[in-house]
Amino acid sequence: CINPPFYRLLGSRYNAAQLGIGYLVSTLNANGHDAWTFNADYISENKYKNLQGIFDGYHDYKKYFEKPGECIVWDEIIDKILEFNPDWIGWFCYTASVPAIKILSRKLKIRAPDIRQVVGGPHSSMDKQLLNRLPDVDFSVIREGEQCMLRLVNGEIPKNIQGVITRTSLGLNYNGDALFLNRSELPFPEREKFFGMTEEEKQTVDVSYIIRTISCPYDCSYCASPSAWGRKTQTRSNESIINEAKFVKEKYWSKNTKYDYSASANAMAKNS
């Protein structure tokens, strides 16, 4: 499952574990599959722009999309995907990720047409016409994708899976949003299987995030949550949250490692 580049194209980075992908990958692995996370927004060096510097690089960012054939970053990402030789890939999609996914899915379809491509995430949940903008992606998922992706990979008929949008001769087939899941019953998000990283690089990934609640009951005009989740909240049990916190501390935070808390591009980090 792939986190496409965004901050990286602006000269920054996103080196944290993406929990939406992590839950999906762990669900697949718990059911006998070999799924991995590939973060195309990862940069191992410590030289990157802070939040204010990101906006200064906007004109450079546009060049990646104006002439995608001249930007080697796209082919580098496709080469890394093909190195893994997957049967399926999932694109995690924010609104800002759509242009990158369009370029990457086209290049992947040309070089490996048998790989099935799925798009999910916040923008996919809000835009039921997304496949019309991404003609090389096979399926899109509305809301929670763990069971949708598992059922797709297990070979179920896509049009029969609630939450999966498919193509038909009459246009896109939408059969309802994916059902809400009890996240207290899901396996903890995958925090180990980061494809293409050395063990040393894995030590720089911030895996400390823990999800407590999904969605929000409010209706703020500037927020995508009401459209993506319908204002229906999901709260994990206290026991589940405490168990995950203990798991993360014991497995990842007892090492003699100097953690980089600026791993997320959301942090105000100074250039170093």
Side-chain angles (χ1 to χ4, degrees), residues 1-18 20-22 24-25 28 34-44 54 57-58 60-127 129-142 145 148-149 152-153 158 164-167 172 190 193-197 201 205 265:
C1 296
I2 301 167
N3 184 43
F6 173 69
Y7 290 109
R8 176 184 174 188
L9 304 181
L10 288 162
S12 189
R13 64 180 186 173
Y14 185 82
N15 285 12
Q18 219 295 338
I21 293 177
L24 194 151
V25 170
L28 291 170
D34 183 21
W36 291 68
T37 293
F38 174 39
N39 182 8
D41 232 2
Y42 174 86
I43 296 178
S44 60
I54 286 177
Y58 179 66
D60 295 332
Y61 169 81
K62 291 195 296 183
K63 294 178 181 178
Y64 286 98
F65 303 95
E66 292 169 348
K67 296 182 179 180
E70 299 178 7
C71 297
I72 62 173
V73 64
W74 305 121
D75 289 320
E76 286 179 353
I77 293 170
I78 296 301
D79 288 343
K80 185 63 68 174
I81 294 171
L82 295 179
E83 180 183 333
F84 183 69
N85 192 30
D87 297 312
W88 291 80
I89 67 165
W91 301 105
F92 188 85
C93 186
Y94 291 113
T95 299
S97 307
V98 175
I101 294 174
K102 184 173 183 179
I103 291 172
L104 290 168
S105 61
R106 172 91 290 251
K107 287 181 174 290
L108 185 62
K109 182 66 71 174
I110 291 172
R111 295 181 60 181
D114 292 335
I115 295 177
R116 310 304 294 275
Q117 301 187 49
V118 185
V119 62
H123 187 88
S124 179
S125 296
M126 294 186 293
D127 184 1
Q129 302 298 315
L130 182 57
L131 289 184
N132 290 332
R133 298 179 61 188
L134 301 174
D136 299 295
V137 176
D138 300 291
F139 310 105
S140 66
V141 173
I142 307 299
C148 291
M149 191 69 173
L152 283 169
V153 172
V164 175
I165 292 182
T166 57
R167 291 189 175 89
L172 300 182
E190 179 60 65
K193 300 177 76 173
F194 299 131
F195 184 72
M197 289 186 182
E201 287 174 333
V205 178

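In what follows, every heavy atom counts, from backbone to side chain, and hydrogens, waters and symmetry copies are set aside.
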Looking only at heavy atoms, what is the nearest atom pair of [X] and [Y], with distance?
X      : Y      : value
Val205 : Tyr42  : CG2-CE1, 4.1 Å
Asn15  : Asn39  : CA-ND2, 4.3 Å
Gly145 : Leu24  : O-CD1, 4.0 Å
Ala17  : Tyr14  : O-OH, 4.2 Å
Ile21  : Cys1   : CG2-CB, 3.5 Å
Pro86  : Ile115 : O-CG1, 3.4 Å

Check residues 90-102 and write down every donor-acceptor pair under 3.5 Å in which the side-chain atom is one partner and the other belongs to a residue at least two apart or another chain.
from  : atom 1 : to     : atom 2 : distance (Å)
Trp91 : NE1    : Gln117 : OE1    : 2.9
Tyr94 : OH     : Gln18  : NE2    : 3.3
Thr95 : OG1    : His123 : ND1    : 2.7
Ser97 : OG     : Tyr94  : N      : 3.4

Check: Relative to each other, are the rings of Phe195 and Phe38 parallel, tilted or perpendicular (30° and 60° limits)?
Finding: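 Phe195 vs Phe38 ring planes: perpendicular.
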Margin query: When you compare the side chain of Ile89 with that of Ser105, does any pair of heavy atoms fall below 4.5 Å?
Written below: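 The answer is no, as the side chains (C-beta and beyond) never meet within the 4.5 Å cut-off.
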Checklist line | Heavy-atom side-chain contact between Phe65 and Leu9 under 4.5 Å | finding: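 The answer is yes; the side chains approach within 4.5 Å.
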Considering only distance and modelled atom types, tabulate donor-acceptor pairs under 3.5 Å from the side chains of residues 129-136, sequence neighbours left out.
from   : atom 1 : to     : atom 2 : distance (Å)
Gln129 : OE1    : Asn132 : ND2    : 2.9
Asp136 : OD1    : Arg106 : NE     : 3.1
Asp136 : OD1    : Arg106 : NH2    : 2.8
Asp136 : OD2    : Arg106 : NE     : 2.8

Once rounded to the nearest 0.5 Å, what's the spacing between atom [atom1] of [X] and atom [atom2] of [Y]?
X      : Y     : atom1 : atom2 : answer
Asp41  : Ile2  : CG    : CD1   : 12.5 Å
Glu190 : Thr37 : CD    : OG1   : 6.5 Å
Leu104 : Ile81 : CG    : CD1   : 6.0 Å

Checklist line | Given Arg116, Met149, Arg167, the one that forms side-chain contact (heavy atoms from CB on, under 4.5 Å) with Phe139 | finding: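 Filter result, single survivor: Arg116.
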Item checked: Test log, rule salt bridge (Lys or Arg N to Asp or Glu O under 4.0 Å), inputs Glu83 and Lys80 -> CA-CA 5 Å; Glu83 180 183 333; Lys80 185 63 68 174; 3.5 Å; yes
Check: Under the side-chain contact (heavy atoms from CB on, under 4.5 Å) criterion, do Lys107 and Asp79 qualify, and how do the steps go?
Finding: CA-CA 10 Å; Lys107 287 181 174 290; Asp79 288 343; over 6 Å; no
Margin query: If we ignore hydrogens and angles and just use 3.5 Å, is the side chain of Ser124 paired with the main-chain N or O of Val141 as donor and acceptor?
Written below: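 Here the side-chain-to-backbone pair exists.
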Notebook entry, point to check: Side chain of Ser12, backbone of Arg8: donor and acceptor closer than 3.5 Å?
Noted result: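 Side chain of Ser12 to backbone of Arg8: no pair is present.
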Check: Can you tell me if CD1 on Ile72 sees more than 12 non-hydrogen neighbours from other groups inside 6.0 Å?
Finding: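 Count not over threshold, so no.
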Check: Can you name the residues that form a side-chain hydrogen bond (donor to acceptor under 3.5 Å, both in side chains) with Trp74, not counting sequence neighbours?
Finding: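 Result, side-chain hydrogen bond (donor to acceptor under 3.5 Å, both in side chains) vs Trp74: none returned.
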